[in-house]
A.B. asks: 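One structure follows; several queries about it will come next.
Just so it is clear, the structure is predicted and the values come from calculations on it, not from any experiment.
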Amino acid sequence: ALSPFALAWIRVLCGALFFGVLFRVRGAPIPRRDVLRIAGCGLLGMAANQVLFLGGLAHTAAINASVLVTTIPLFTFVFAVLAGQERLRILTTLGIAFAFVGVLSLVGVEEASFGSTFLGDAMIVLNCMSYAAFLVLVRPLAQKHGSLAIVAIGFFTASLAVAPFGAPEIHTVSAATWTTWALVAYVVAIPTCAAYLINAWALRHATSSEVAIYIYLQPVVGVLLAVAVLDERTDLRGLVSIALVLVGISLVVWRPKEKSEDAAEPKLAKPQQEG
């Protein structure tokens, strides 16, 4: 089977090649200082994210990983507040809490067992923290230089950083079947290239917490697809869990209209500066 580190390297390498070509054609010059900042974000959100998640998944149960990845929006909100990008809003806090409880119930948190999988669980938590930090740190850079620059430079940096882990395992591709390659192609196209590009674009128009909260839609969509395609049924717990997630997301992204300062206060003429 294809090793986790080989898969991680293939993902970031394909992302680097694809977005690198696009950036050469359509990208604009970026100051070296910002290139280094974007590269640092790439190490967090692409290199560390891929290696820690796939490596952790190999050392823990799938249900543990499903439970632990729900902490990404929590870490994102905390980091954004600490960085001064967002305020500690009551609605955002309640929204994340509602969605967090709902998604934990939806994935079946009671089935998780963290007793004998410390290494894998710790890697998953570190993965969540690194990706949350990426969403916060890369936001001003995405707003300044656009989404294409973020993914092109980020994936290029990640391809170099993941190479020491993935290159020694690349021989495992010889055992991959056509079905495996089809799944790899899907993983590269959708959860890798498309997902990172969409997230980078979204960070130009929304806060980091708003972008991160939509991660909670993944298990909701999974349940709804199972009901629609596989004719599965969901119970009252599932319906309440989905409702909590949707209400939580709505609270996070909802912005009540606030009276502008210009309307609330009369405009005063600015005194002229003396020469």
Side-chain angles (χ1 to χ4, degrees), residues 1-22 42-43 45-70 72 106-108 111-113 116-128 130-131 134 151-152 154-200 214-215 217-232:
L2 192 64
S3 78
F5 290 149
L7 176 59
W9 194 36
I10 291 173
R11 292 180 69 176
V12 295
L13 190 59
C14 289
L17 293 173
F18 178 71
F19 290 118
V21 172
L22 285 181
L43 291 177
M46 298 169 186
N49 179 45
Q50 298 292 330
V51 171
L52 289 171
F53 179 75
L54 293 174
L57 196 59
H59 293 86
T60 191
I63 182 61
N64 287 22
S66 298
V67 169
L68 293 173
V69 295
T70 62
I72 291 177
L106 200 60
V107 301
E111 298 180 10
S113 177
S116 59
T117 56
F118 176 78
L119 176 61
D121 296 336
M123 292 177 71
I124 297 294
V125 172
L126 289 175
N127 151 73
C128 296
S130 67
Y131 188 68
F134 164 78
V151 291
F155 273 120
F156 175 76
T157 307
S159 67
L160 299 179
V162 179
F165 301 93
E169 303 291 333
I170 200 64
H171 64 275
T172 58
V173 301
S174 60
T177 64
W178 285 108
T179 302
T180 300
W181 281 116
L183 293 173
V184 169
Y186 166 79
V187 169
V188 168
I190 307 301
T192 305
C193 293
Y196 274 99
L197 183 61
I198 292 172
N199 280 342
Y214 284 103
I215 291 174
L217 282 180
Q218 294 178 1
V220 172
V221 172
V223 170
L224 295 179
L225 285 176
V227 172
V229 178
L230 302 178
D231 293 327
E232 294 186 6

A.B. asks: Nearest 0.5 angstrom please: L7 CG to S3 OG, how far?
C.D. replies: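 Atom-to-atom, L7:CG and S3:OG are 8.0 Å apart.
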A.B. asks: Closest approach of A62 and L57, non-hydrogen atoms and distance?
C.D. replies: CA-CD1, 4.4 Å
A.B. asks: Any side-chain heavy atom of T177 sitting closer than 4.5 Å to one from T180?
C.D. replies: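 Yes, at least one pair of side-chain atoms sits under 4.5 Å.
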A.B. asks: Nearest 0.5 angstrom please: T192 OG1 to F19 CZ, how far?
C.D. replies: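 T192 OG1 to F19 CZ: 9.5 Å, rounded to 0.5 Å.
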A.B. asks: Test side chain to side chain contact (heavy atoms under 4.5 Å, CB included) on W181 and V173; report intermediate values, then the result.
C.D. replies: CA-CA 9 Å; W181 281 116; V173 301; 3.8 Å; yes
A.B. asks: How many angstroms lie between OG1 in T70 and CD1 in I215, if you round to the nearest 0.5 Å?
C.D. replies: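 Rounded to the nearest 0.5 Å, the OG1-CD1 separation comes out at 10.0 Å.
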A.B. asks: How far apart are the closest heavy atoms of M46 and F155, and which atoms are they?
C.D. replies: SD-N, 3.3 Å
A.B. asks: Looking only at side chains, do N49 and Y196 share a donor and an acceptor under 3.5 Å apart?
C.D. replies: yes
A.B. asks: My understanding is that only residues two or more places apart in sequence, or in another chain, count here; which of them pass side-chain contact (heavy atoms from CB on, under 4.5 Å) with A48?
C.D. replies: L52, S130
A.B. asks: Does I124 form a side chain to side chain contact (heavy atoms under 4.5 Å, CB included) with N64? I'd like the steps, not just the answer.
C.D. replies: CA-CA 9 Å; I124 297 294; N64 287 22; over 6 Å; no
A.B. asks: Minimum heavy-atom separation for L54 and P4, please, with both atom names.
C.D. replies: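 Reported closest heavy-atom pair: CD1-O, 3.4 Å.
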A.B. asks: Which pair of non-hydrogen atoms, one from I63 and one from G108, has the smallest distance, and what is that distance?
C.D. replies: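 Distance-wise, the nearest heavy atoms are CD1-O, 3.6 Å.
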A.B. asks: Starting at OH of Y131, measure out to CG of N199 and round the result to the nearest 0.5 Å.
C.D. replies: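 Y131 OH to N199 CG: 3.5 Å, rounded to 0.5 Å.
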A.B. asks: Quick one: NE2 on H59 to CG on L119, what's the gap to the nearest 0.5 Å?
C.D. replies: 5.5 Å
A.B. asks: Locate the shortest heavy-atom distance separating V69 from S66; write the atom from each residue and the value.
C.D. replies: CG2-O, 3.3 Å
A.B. asks: Report the distance from atom OG1 of T172 to atom CZ of F5, rounding to the nearest 0.5 Å.
C.D. replies: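 Separation between the atoms: 11.5 Å.
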A.B. asks: Tell me the closest heavy-atom pair linking V12 and S159, and the distance in Å.
C.D. replies: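 The answer is CG2-CA, 3.7 Å.
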